[in-house]
Amino acid sequence: MGMNVGSSSTTEDEGIVDINTTPLIDVMLVLLIMLIITIPMQTHSVSLDLPQGNPPPSTEPDPQIDTVSIDFDNTITWNGDPVPDEAALQAHFTEAASMPVQPEMHIHPDRLARYKTVAHVLADAQRLGITKLGIIGNDQFMDAQ
């Protein structure tokens, strides 16, 4: 085995035309190691005890749903009844939060309602202990396509 130190040709512009396979070998080794690591994970089985048949019907009554609507002129209604002032709204929220099974609270803001009013109602609900809260009617904010 010998090494070619000098060049017998007179031109020094000849480049090395061999392909560098070191990065290819590195990538292949990493893939091989990952394959070796993941194969044992795929062979593990998990036993599950799944119920058979249909579950019995629920004995709990359907949850009560309270709807707070905010109209385009920023008037607030509770289940269709107008709320005259801030104290009445807070009384409704306090009553709903103190029930043994808290009702679902649906906030339905109109597209033209002020953000300040909607944010104020949401803040009051959170501050007074309402946990089951959702905003409905979001389809009105979608642009027609």
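The figures here come from the full heavy-atom set of this structure, side chains too, leaving out hydrogens, waters and symmetry mates. Just so it is clear, the model here is predicted, and its values are computed rather than measured.
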Inter- and intrachain pairs under side-chain hydrogen bond (donor to acceptor under 3.5 Å, both in side chains), touching residues 15-29, at least two apart: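 Of all non-adjacent pairs touching residues 15-29, those that pass side-chain hydrogen bond (donor to acceptor under 3.5 Å, both in side chains) are Asn20-Thr22.
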Partner set under ring-ring contact (aromatic ring centres under 6.0 Å, His included) for His92, not counting sequence neighbours: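 Once residues adjacent in sequence are excluded, the partners of His92 under the ring-ring contact (aromatic ring centres under 6.0 Å, His included) criterion are Trp78.
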Residues forming a salt bridge (Lys or Arg N to Asp or Glu O under 4.0 Å) with Asp124, sequence neighbours excluded: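 Asp124 satisfies salt bridge (Lys or Arg N to Asp or Glu O under 4.0 Å) with Arg127 only.
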Full working for side-chain contact (heavy atoms from CB on, under 4.5 Å) between Gln102 and Ile130: CA-CA 8 Å; Gln102 195 176 95; Ile130 301 295; 4.1 Å; yes
Side chain Asp71, main chain Asp73, donor-acceptor under 3.5 Å: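 Looks like no, no N/O pair under 3.5 Å.
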Separation between [atom1] of [X] and [atom2] of [Y], rounded to the nearest 0.5 Å:
{"X": "Thr131", "Y": "Glu104", "atom1": "OG1", "atom2": "CD", "answer": "10.0 Å"}
{"X": "Ile107", "Y": "Leu122", "atom1": "CD1", "atom2": "CG", "answer": "5.5 Å"}
{"X": "Thr38", "Y": "Ile33", "atom1": "OG1", "atom2": "CD1", "answer": "12.0 Å"}
{"X": "Arg114", "Y": "Asn74", "atom1": "CZ", "atom2": "CG", "answer": "6.0 Å"}
{"X": "Phe93", "Y": "Leu133", "atom1": "CZ", "atom2": "CG", "answer": "7.5 Å"}
{"X": "Leu128", "Y": "Ser98", "atom1": "CG", "atom2": "OG", "answer": "10.5 Å"}

Note, [X] side chain near [Y] side chain (heavy atom, < 4.5 Å):
{"X": "Ile76", "Y": "Leu89", "answer": "yes"}
{"X": "Thr77", "Y": "Asp81", "answer": "no"}
{"X": "Pro109", "Y": "Ile135", "answer": "yes"}

Are more than 12 heavy atoms, taken from residues, nucleotides or ligands other than [X], located less than 6.0 Å from that residue's [atom1] atom?
{"X": "Met99", "atom1": "CE", "value": "yes"}
{"X": "Glu86", "atom1": "CD", "value": "yes"}
{"X": "Ile19", "atom1": "CD1", "value": "no"}

Over all atoms of both residues, closest heavy-atom pair of Ala96 and Pro103: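 The answer is O-CD, 3.4 Å.
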Cluster link Ile136 to Val68, ILVMFWY, side chain under 4.5 Å: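 No: no chain of side-chain contacts under 4.5 Å links Ile136 to Val68.
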